[in-house]
Peer 1: 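The structure that follows is given in the form of structure tokens.
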Amino acid sequence: MYDKVQLRSCLLQTRMALPVIEWRQKSDDICSHLTNSQLLTNAKTILAYFSFRTEPDLSSLFYDSNYRWGFPRCVGKTMSWHVWKPGDSTNTGAYGITEPNSDASIIEPNEVDLILVPCVACDHRGYRLGYGGGYYDRMLSKTEWQSIPTIGIVFEFAYLPQLPIESWDKPLQNICTENKLVLSAEC
């Protein structure tokens, strides 16, 4: 089995090599599964992400004004979540990731109904492989975040039977690929 560094590198290369039209179609299919999900339709405040390094693009969802959207800002080793709506300005954060402006309203955990989590890879148990910074694992290990439903967003080729895991890795409850939405990612 690959280690996390090798696996991340391999999967990122595969993702970056996707033709734009295929990446767009797969992203649209993921958005379709999410739009038809009770988890999304029952939510009011949803935490998401701006696509980076050819991550699945969820931006078509962000124009639905039935939802209040929150996006992360990374400062030091922590993430804070801020309200963003189409037309609001953004900044480029420390890692080259698009972020809401620092003066955007903060969203507290008790306001959140659903978290859409970007993944380099995810396994059938719900464990994710991210970029290695540990931001989501640190956040999801805090008590105030643990009861909020999560959906890992990943392309099907990176939805794997099993990933190498560490003691601090926190599994996600649900996974969405372009082919399916897997609820309660417990095998």
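Hydrogens, waters and symmetry mates are skipped; everything else that's a heavy atom, side chains included, is used. Being a predicted model, the structure only gives us computed values, none of them experimental.
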Peer 1: At what distance, to the nearest 0.5 angstrom, does SG of C31 lie from CG of N36?
Peer 2: 11.0 Å

Peer 1: Could you pull out the closest heavy-atom pair between Y131 and L12, with the gap in Å?
Peer 2: CE2-CD2, 3.8 Å

Peer 1: How about S27 and F155: do any of their side-chain heavy atoms sit closer than 4.5 Å?
Peer 2: yes

Peer 1: In this structure, would W145 and I151 fall into the same cluster of hydrophobic residues linked by side-chain contacts under 4.5 Å?
Peer 2: yes

Peer 1: Can you tell me how far apart CG (D123) and CG (L172) are? Round to the nearest 0.5 Å.
Peer 2: 9.5 Å

Peer 1: Are the side chains of L61 and I46 in contact, using a 4.5 Å heavy-atom criterion?
Peer 2: no

Peer 1: Would a hydrophobic clustering, with Ile, Leu, Val, Met, Phe, Trp and Tyr connected at side-chain separations under 4.5 Å, put I153 with F157?
Peer 2: yes

Peer 1: Would you compute the distance between atom OG1 of T150 and atom OH of Y136 and round it to the nearest 0.5 angstrom?
Peer 2: 11.0 Å

Peer 1: First locate atom CH2 of W23, then atom CG of D28, and finally report the distance between them rounded to the nearest 0.5 Å.
Peer 2: 9.0 Å

Peer 1: Provide the closest heavy-atom pair for I148 versus Q173 in the form atom of the first, atom of the second, distance.
Peer 2: O-OE1, 3.4 Å

Peer 1: Could you check if a side-chain atom of I107 sits within less than 4.5 angstrom of a side-chain atom of R68, using non-hydrogen atoms only?
Peer 2: yes

Peer 1: Quick check: closest heavy atoms across D169 and K4, and the distance to 0.1 Å?
Peer 2: OD2-NZ, 2.8 Å

Peer 1: Looking only at heavy atoms, which two atoms of C74 and M79 are closest? And how far apart?
Peer 2: SG-CG, 3.6 Å

Peer 1: Can you measure from OG1 (T45) to CD (E108) and round to the nearest 0.5 angstrom?
Peer 2: 12.0 Å

Peer 1: For V120 and L7, what are the C-alpha separation, side-chain angles and deciding distance, and is it a side-chain contact (heavy atoms from CB on, under 4.5 Å)?
Peer 2: CA-CA 9 Å; V120 172; L7 188 58; over 6 Å; no

Peer 1: Would you say that more than 12 heavy atoms from the other residues, nucleotides or ligands in this model lie under 6.0 Å from the NZ of K85, or not?
Peer 2: no

Peer 1: Find out whether E55 and R15 are in side-chain contact, i.e. whether some heavy atom of one side chain is under 4.5 Å from a heavy atom of the other.
Peer 2: yes

Peer 1: Listed by chain and number, what are the ring pair (Phe, Tyr, Trp, His ring centres under 6.0 Å) partners of Y95, not counting sequence neighbours?
Peer 2: Y135

Peer 1: Ignoring hydrogens and geometry, is there a side-chain-to-backbone donor-acceptor pair from R73 to P100 under 3.5 Å?
Peer 2: yes

Peer 1: Assess the residue pair I21 and Q25 against the criterion (side-chain contact (heavy atoms from CB on, under 4.5 Å)); give the C-alpha distance rounded to whole Å, side-chain angles, the decisive distance to 0.1 Å, and a yes or no.
Peer 2: CA-CA 6 Å; I21 194 159; Q25 184 59 57; 5.8 Å; no

Peer 1: So K26 and P56, do their side chains get closer than 4.5 Å, heavy atoms only?
Peer 2: no

Peer 1: Looking only at side-chain N and O atoms, does N179 offer a donor or acceptor that is under 3.5 Å from a partner on T177?
Peer 2: no

Peer 1: So, applying side chain to side chain contact (heavy atoms under 4.5 Å, CB included) with I30, which one of L181, L116, L58 is it?
Peer 2: L58

Peer 1: Of all heavy-atom pairs between Q6 and D3, which one has the smallest distance, and what is that distance?
Peer 2: N-OD1, 2.8 Å

Peer 1: Establish whether Y159 and Y127 are linked, either directly or via other cluster members, by ILVMFWY side-chain heavy-atom contacts under 4.5 Å.
Peer 2: no

Peer 1: Starting from the C-alpha separation in whole Å, work towards a yes-or-no answer on salt bridge (Lys or Arg N to Asp or Glu O under 4.0 Å) for K180 and E156.
Peer 2: CA-CA 9 Å; K180 61 189 168 280; E156 186 72 32; 2.8 Å; yes

Peer 1: Supply the atom-to-atom distance R128 CZ to L163 CG, rounded to the nearest 0.5 angstrom.
Peer 2: 10.5 Å

Peer 1: Begin from the C-alpha positions of L11 and L160 and carry the test side-chain contact (heavy atoms from CB on, under 4.5 Å) through to its verdict.
Peer 2: CA-CA 11 Å; L11 290 168; L160 306 173; 4.2 Å; yes

Peer 1: May I ask you to test the L140-I115 pair for a side-chain heavy-atom distance under 4.5 Å?
Peer 2: yes

Peer 1: Are I106 and V75 grouped together when hydrophobic residues (ILVMFWY) are joined by side-chain heavy atoms under 4.5 angstrom apart?
Peer 2: no

Peer 1: Give a yes or no on whether the backbone of T90 and the side-chain of E99 come within a donor-acceptor separation of less than 3.5 Å.
Peer 2: no

Peer 1: Could you go step by step and tell me if I175 and V154 meet the side-chain contact (heavy atoms from CB on, under 4.5 Å) rule?
Peer 2: CA-CA 7 Å; I175 309 297; V154 66; 3.8 Å; yes

Peer 1: So do N42 and D113 actually touch side chain to side chain, heavy atoms under 4.5 Å?
Peer 2: no

Peer 1: Side-chain contact test, heavy atoms from C-beta onward, threshold under 4.5 Å: evaluate it for D57 versus R24 and give yes or no.
Peer 2: yes

Peer 1: List in chain and number order the residues that pass ring pair (Phe, Tyr, Trp, His ring centres under 6.0 Å) with F50, two or more places apart in sequence or in another chain; answer none if no residue qualifies.
Peer 2: F71, W84

Peer 1: Which heavy atom in A104 sits nearest to a heavy atom in H82, and how many Å separate them?
Peer 2: O-ND1, 2.9 Å

Peer 1: Please determine whether residues Y49 and L18 belong to a single hydrophobic cluster, defined as Ile, Leu, Val, Met, Phe, Trp and Tyr linked transitively by side-chain heavy-atom distances below 4.5 Å.
Peer 2: yes

